[in-house]
Number of protein chains: 2
Amino acid sequence: MDYLQISTERCSMRPSKRDELVRKVLPVFYREGFHATGMDALVSETGISKTTMFKHFRTKDDLILAVLRHRDETFRNWLFRRLDETGLPPRERLLALFDVLKEWFSEPGFRGCMFIKASAEFQDPEHPAYVQSAEHKRLLLTALTRMCREAEVQNPAQLARQLLILKEGAIVAAHMGFDPDPAGAAKTAAESLVAIDTAQ
Amino acid sequence: MDYLQISTERCSMRPSKRDELVRKVLPVFYREGFHATGMDALVSETGISKTTMFKHFRTKDDLILAVLRHRDETFRNWLFRRLDETGLPPRERLLALFDVLKEWFSEPGFRGCMFIKASAEFQDPEHPAYVQSAEHKRLLLTALTRMCREAEVQNPAQLARQLLILKEGAIVAAHMGFDPDPAGAAKTAAESLVAIDTAQ
DNA sequence: GAATATATGTACCGATCTGTACATATTGGA
DNA sequence: TCCAATATGTACAGATCGGTACATATATTC
C-alpha cells in the first residue's frame, strides 16, 4: 500500500511522473471499468511504459487506489468550488447542488460515479477500494451536513442524508438513462424537502 | 444470444437444468461480481460441470444475460407482490415501497442492486447487459407511474421519477454504508413529496 | 562532460481466462 | 432392457492476465 505517499504536487514541487500517471490512467478506468482494463491496455492508451507503471505502483490494486484517492480529492474540490462560485445564500446553495450535477451529467464523457462503480467491482468491505469509496461518500455527507447547518434548517442531519440520497439516485438515473432529466427531478424533490423543513 | 429462449418453467414444464443453472449461478455473480467470477469458480461453487454450462450457454456473456433476465423477473415480482400483500390503499402503498426496501437491505446477503452493478461493469450502452439493466429500471418506472396514477396524485409521472430516484439512492446508500437507515430517510422524504403533491 | 537517476522497449514468466474435445457415467422413456 | 439424450471429469488449446528481467536510452545534476 502507498496510503502515506504524498503527492508531489501538493508539496508544490513540479508535477511528478506519478501524478501524471494517475491523471492519464484515471479516464481509462472510468470509461472501461477496473477489472475490464488490463495493464497492457493502460500502457497502449496512455503511452506510459509498463516498466514505469510498476516502478511507481507495486501492483494494479495500488494504482487503482491512487486513482480513487485522486478522484475523491478532485471531485469534492470541483463540486464545492462550483457551489461556492454561485455566491448564493446557504439555502439556495443547497439546491444549486442539483444544477451542478446537471452540468456534470451533460458532459460528453459522463459515465456515472466512479465510487459507485468501484464499490460494485470490489464488494468485499475489507477491500481498500471499497473502503475508499465508502469514505468518499462519508466525506460528502459531512460536507452536506455542514451546509445544512449553515442554511439553518430544522434538522440538518436528516436533510443532508436525504439530499445525498437524492444525489446518488440522480447519478444512477443519469448513468442508466431511465430519466431524461434526473437532476431536475431531484432538484424539485429537494425544493419540497427544504420547504417542508422550513415550514416546521 | 439467446434472447428468445423461453424458460421451461414459464411453460409449466418440469424445472429444466438451464433454470437450475441460472438460479445457482446468480448468487455467485451477485456476491463476487461478473468479471471477477471465472467459469471455473462457477463450476466449483455450484457443482455443475463446465461442459454442461457451455452446453446450455454458448458464452459467459449469454449466461450473464440469462442471469440478469431472471433477476429482473424475480425482483419485480417479489417487490410488487410484497406491496400488494400490504393491502394498503394506493397512497400508503407508495410509501410502503420503502418498508419493503428496508427488509431487503437487512437481509444478510444484501449487496446492492444487481443492475446498478451490471451497468457499472458493462458500460458500453450497446452491451446487452447494459441494455437489460436499463430496461429493468424502465420497467420499474412504468410500474411506479401506474401506482402513482392509482393513488390519484397530481403529477404521477413526476412523483414516480422522484420515488425511483429515492429508491436508487437508498440502495446505493445501503450498499456503501454511509447511512444507518437509508430506507427510513428515503421514506421520510417520500412522505414529504406525497404531502406536497396532495396539498397542491 | 561524467555520473546518477529515471524512462523505455522487448521479451518473457507462471497463472488464469474463456471455451473445446472426448471418453465415460447417468438418466429417462419405449 | 435397450436406446437416446443428457451430465460429468479430465485434459487441454489459445489468449490474456499481472508482474519481472534486463539492456538501452534519455534527462538532470554536479
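Only a predicted model underlies this, so the values are computations on that prediction, with no experimental measurement involved. Throughout, protein chains are lettered first and strands after them, A, B, ... in sequence-line order, and every chain is numbered starting at 1.
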Original post:
Picking from C:dA7, C:dT20, D:dA7, which would you name as closest to the side chain of B:Thr52?
Top reply: D:dA7
Subject >> Point-to-point distance, once rounded to the nearest 0.5 Å, from CG of A:Asp181 to OG1 of A:Thr188 >> reply: 8.0 Å
Original post:
Between B:Lys117 and B:Glu121, does at least one N-O distance fall below 4.0 Å, as a salt bridge requires?
Top reply: no
Original post:
Which parts of nucleotides 11-17 of chain D does protein reach within less than 4.0 Å, heavy atoms only, written one letter per nucleotide 5' to 3' as B for base, S for sugar-phosphate only and - for none?
Top reply: ------S
Subject >> Length of the line joining B:Leu63:CG and C:dT18:P, which is rounded to integer Å >> reply: 11 Å
Original post:
In whole angstroms, how far is the C1' atom of C:dA21 from the NZ atom of B:Lys55?
Top reply: 12 Å
Original post:
Roughly, in whole Å, what's the span from CZ in A:Arg18 to C1' in C:dT6?
Top reply: 15 Å
Original post:
Rounded to the Å, how far apart are A:Asp62 CG and D:dG18 P?
Top reply: 14 Å
Subject >> Distance, rounded to the nearest Å, where A:Ile48 contributes CD1 and C:dT8 contributes C1' >> reply: 12 Å
**OP:** Run the salt-bridge test on A:Glu20 and A:Arg23 with the 4.0 Å N-O cut-off and return the result as yes or no.
**Re:** no
**OP:** Round to a whole Å and report the spacing from NE2 of A:His56 to P of D:dG19.
**Re:** 16 Å
Original post:
Among D:dG18, C:dA7, D:dT8, which nucleotide sits nearest the side chain of A:Phe54?
Top reply: D:dG18
Original post:
So, are B:Arg82 and B:Glu103 salt-bridged, with charged N and O less than 4.0 Å apart?
Top reply: yes
**OP:** Look at the side chain of A:Lys102 and the backbone N and O of A:Leu97, then say whether any donor-acceptor pair between them is shorter than 3.5 Å.
**Re:** no
Original post:
Who pairs with A:His127 by side-chain hydrogen bond (donor to acceptor under 3.5 Å, both in side chains), at least two apart in sequence or on another chain?
Top reply: A:Asp61
Original post:
Does A:Thr51 make a side-chain donor-acceptor contact with the base of C:dG9, cut-off 3.5 Å?
Top reply: yes
**OP:** Starting at atom CZ of B:Phe57, determine the distance to atom P of C:dG19, rounded to an integer number of angstrom.
**Re:** 13 Å
